[in-house]
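Encoded as structure tokens, the structure appears first; notes follow it.
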Amino acid sequence: MSSTTIARVHGRRVWDSRGRPTVEAEVTLAGGAKGRGMAPAGASRGSREAVDLRDGGKRLRGLDVTQAVANVAGPLATAIMGRDALDQAGIDAAIAAADGTPTKARLGGNATIAVSMAVLHAAAAASGAPLWRHLAAGGAAGKAATLPMPEIQIFGGGAHAGRRVDLQDFMAMPVGAASFAEALVMVAEVYHAAGALMAERGALMGVADEGGWWPDFRTNEEAIEALLRAIERAGYVPGQEVAISLDVAASEIGRGGRYRLGLEKRELDRDAFIALQLGWLERYPIVSIEDPLAEDDAKGMRAFMQATGGKVQVIGDDYLVTNAALVAEAAREGACNAVLIKPNQAGTISETKAALDAGKAAGFATIVSARSGETEDVTIVHLATGWNAGQLKVGSFARSERMAKWNEAIRIEEEAGLPFAGRGALAGRTRR
Ligand code: 2PG
Ligand code: MG
């Protein structure tokens, strides 16, 4: 038995940023090193992503995780106990085999990702290195690591704001920033300018699930327009210094090539919905757009990519669900040029890395992302940095489950003096 042998695997129920139960796993190695991982939870989920195991029934609206927690100390512990924590790939293969389903439906994706993350943290702790460095290592320590370009939500929407507007995320991307610390200052100014703007409009000053201002608009475009005004009011040149990024999350409003804009009380077919978004791209400094068409609309995604002609970053989230095979297929078909990377969509760290690698191999930009239901867990910041993903999406600039992650990146930048990925990390013409 070596000091990095897994000696104990423990699970517990903790609570996420929406006050819902979630799974925390704790792994202890023979040498005493410990690691923890907490599962996040999505609200707008792709149909092919790893699924959370929830108890069902009446208590806690069916969302409790007692079975998933039991699976951590039960079958998952059995599968990985006695293994070397440094062998993340072997451990994740054992986790996937213990579950046996493509979507981690038996043991729960919330249980598998928490355990997989805890193993990763324990291995890093044993090596004495910060997690980002442990990930970047594989040899030359920190060589390829970079601080990611953040995209930060200013207005929430869709499933994160009671569907008050149809689009889900209206984000600011500080493309003119020279460092991560400066990037946050720029977005902070925009966030507060947007808040002031909403107050003047007499809009309720609440926030949505990820901390973005609660949307009070008559049309979806009005929200984009308000974001543009906030960038200007903050004193930045739109597009040059701070650009706009959207997550349409179209699977939430469309199926079978038809899209329903509830706010505007109209339904559009695929072509009209694409035309609407192309109009936004013409009128506003939008550099990135996520899930512009629904996950069942490959035809629409290809058409959108063709119409935009590499002008903007087109991200697949629900469309690709952090799945390496789907990323490779999308690359062949020309359906996206960027992939969102969410560990709990895949269910293990190794499958997450495989999706990121598939993206890089295809020449895609890669964006590590949080979920709308989060915790104080900051693992994704280290993944984005150590894996040199280039971009990071964490939600807004409020609420500590979000700020914990931005602040962790500040610490890494200060301590390690890593380069900032900057606008060059984006797909599309913005990189120049
Ligand atoms: C997304 C995420 C984060 P959710 O769609 O990109 O904004 O939302 O976690 O609800 O899937
Ligand atoms: Mg999304």
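Just so it is clear, the model here is predicted, and its values are computed rather than measured.
Atoms CD and CZ, from Glu413 and Arg411 in turn, are 13.0 Å apart once rounded to the nearest 0.5 Å. In this structure, the separation between OG1 on Thr322 and CG on Leu356 is 9.5 Å, given to the nearest 0.5 Å. Interatomic distance, Ile113 CD1 to Thr22 OG1, rounded to the nearest 0.5 Å: 11.0 Å. Leu60 CG to Asp55 CG: the interatomic distance, rounded to the nearest 0.5 Å, is 8.5 Å. A distance of 5.0 Å separates CZ of Arg399 from OG of Ser17, quoted to the nearest 0.5 Å. The distance from the OH atom of Tyr259 to the CD1 atom of Ile253 is 8.0 Å, given to the nearest 0.5 Å.
Using a distance-only test at 3.5 Å, with no hydrogens or angles considered, no donor-acceptor pair links the side chain of Thr385 to the main chain of His382. Put simply, the side chain of Glu408 never gets that close to the backbone of Ala404: no donor and acceptor are under 3.5 Å apart. Without hydrogens or angle criteria, Thr101 side chain to Ala105 main chain gives a donor-acceptor distance under 3.5 Å. The main-chain N or O of Gly347 is found under 3.5 Å from a side-chain atom of Thr112 such that the two form a donor-acceptor pair. In terms of modelled atom types and a separation under 3.5 Å, the side chain of Asp377 and the main chain of Met38 share a donor-acceptor contact. Side chain of Asp317 to backbone of Asp291: no donor-acceptor contact under 3.5 angstrom is found. The closest donor-acceptor contact from the side chain of Asn220 to the backbone of Leu167 lies under 3.5 Å. Without hydrogens or angle criteria, Asn110 side chain to Val23 main chain gives no donor-acceptor distance under 3.5 Å. Using modelled atom types, no side-chain atom of Trp387 and backbone atom of Asp357 make a donor-acceptor pair closer than 3.5 Å. Between the side chain of Asp318 and the main chain of Ser251, no donor-acceptor pair closer than 3.5 Å is present.
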Does the pair Asp16 and Thr375 meet the rule for a side-chain hydrogen bond (donor to acceptor under 3.5 Å, both in side chains), with working shown? CA-CA 5 Å; Asp16 75 11; Thr375 68; over 6 Å; no
Would you please test Met81 and Arg8 for side chain to side chain contact (heavy atoms under 4.5 Å, CB included) and show each step? CA-CA 7 Å; Met81 210 74 112; Arg8 180 172 183 260; 5.5 Å; no
Chi angles and distances behind the side-chain hydrogen bond (donor to acceptor under 3.5 Å, both in side chains) call for Ser245, Glu151: CA-CA 7 Å; Ser245 169; Glu151 54 171 341; 2.5 Å; yes
Side chain to side chain contact (heavy atoms under 4.5 Å, CB included) between Leu53 and Asn71: does it pass, once the steps are laid out? CA-CA 10 Å; Leu53 184 61; Asn71 289 345; 3.4 Å; yes
Apply salt bridge (charged side-chain N to carboxylate O under 4.0 Å, His left out) to residues Arg12 and Glu26 and explain how you reach the verdict. CA-CA 8 Å; Arg12 64 171 69 89; Glu26 201 166 273; 3.0 Å; yes
Using side chain to side chain contact (heavy atoms under 4.5 Å, CB included), reason through Arg18 and Asp209 one step at a time and then give a plain yes or no. CA-CA 7 Å; Arg18 284 191 275 243; Asp209 278 9; 2.7 Å; yes
Let me see the working for Glu189 and Met186 under side chain to side chain contact (heavy atoms under 4.5 Å, CB included), right down to the final yes or no. CA-CA 5 Å; Glu189 305 260 32; Met186 293 166 80; 5.7 Å; no
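Arg371 has no carboxylate O lying under 4.0 Å from a charged side-chain N of Glu210, or vice versa, which leaves the two without a salt bridge. Using a 4.0 Å cut-off between charged nitrogen and carboxylate oxygen, Asp64 and Arg54 do not count as a salt-bridge pair. In this structure, Glu374 does not pair ionically with Arg402, as no charged nitrogen and carboxylate oxygen lie closer than 4.0 Å. Salt-bridge formation is not detected for the pair Glu295/Arg255: no Lys NZ or Arg NE/NH1/NH2 atom is positioned less than 4.0 Å from an Asp or Glu carboxylate oxygen.
Sparse packing is recorded around NZ of Lys34, with 12 or fewer heavy atoms of other residues, nucleotides or ligands lying under 6.0 Å away. Enclosure of atom CZ in Arg270 by more than 12 non-hydrogen atoms of other residues, nucleotides or ligands within 6.0 angstrom is indicated. Applying the 6.0 Å contact sphere to CE of Met1 captures no more than 12 heavy atoms from other residues, nucleotides or ligands.
Within the 4.5 Å cutoff, side-chain heavy atoms of Leu184 are placed close to those of Trp406. Residues Met403 and Phe397 meet the side-chain proximity criterion, which asks for heavy atoms closer than 4.5 Å. Contact annotation: the side chain of Thr379 approaches that of Leu131 to within less than 4.5 Å [non-hydrogen atoms, C-beta and beyond]. Taking 4.5 Å as the limit, every side-chain heavy atom of Ile367 sits out of range of all side-chain heavy atoms of Val339. The side-chain heavy atoms of Gln88 and Val119, taken from C-beta on, include a pair separated by under 4.5 Å. Residues Phe304 and Ile289 form a side-chain contact, since some pair of their non-hydrogen atoms from C-beta on lies under 4.5 Å apart. A 4.5 Å side-chain heavy-atom check between Thr5 and Asp84 finds every atom pair outside the cut-off. Contact annotation: the side chain of Gln168 never approaches that of Val248 to less than 4.5 Å [non-hydrogen atoms, C-beta and beyond].
Among all heavy-atom pairs drawn from Leu278 and Ala307, the shortest one is CD1-CB, 3.8 Å. Pairing each heavy atom of Gly46 with each of Val321, the nearest pair is CA-CG1, 3.9 Å. Shown here for Ala159 and Arg163, the closest heavy-atom pair between the two residues is CB-NH2, 3.8 Å. The two residues Ala172 and Pro174 have their closest heavy-atom pair at O-CD, 3.9 Å. Shortest non-hydrogen contact noted between Leu426 and Val287 is CD2-CG2, 3.8 Å.
When Arg429, Gln391, Glu290 are each tested for a side chain to side chain donor-acceptor pair (under 3.5 Å) with Gln313, only one passes: Gln391. For the side-chain contact (heavy atoms from CB on, under 4.5 Å) with Met171, the lone residue among Ile286, Asp247, Ile244, Val190 that qualifies is Asp247.
Using a 30° and 60° split on the angle between ring planes, Phe180 and Phe420 fall in the perpendicular class, above 60°.
By the side chain to side chain contact (heavy atoms under 4.5 Å, CB included) test, Ala73 is found to be paired with no residue, residues two or more places apart in sequence or in another chain being considered. For Asp169, the side-chain hydrogen bond (donor to acceptor under 3.5 Å, both in side chains) partners at least two apart in sequence or on another chain are Gln153, Lys393.
Under 3.5 Å, the side chains of Asp92 and Ser116 contain a donor-acceptor pair of N or O atoms. In this structure, a donor-acceptor pair under 3.5 Å is absent between the side chains of His10 and Glu24. The closest side-chain donor-acceptor pair between Ser179 and Glu182, if any, does not fall under 3.5 angstrom. Side chain to side chain, Thr4 and Ser2 meet the donor-acceptor criterion of an N or O pair below 3.5 Å.
Counting only residues at least two apart or on different chains, the ring pair (Phe, Tyr, Trp, His ring centres under 6.0 Å) pairs with a member in residues 144-174 are Phe155-Phe217.
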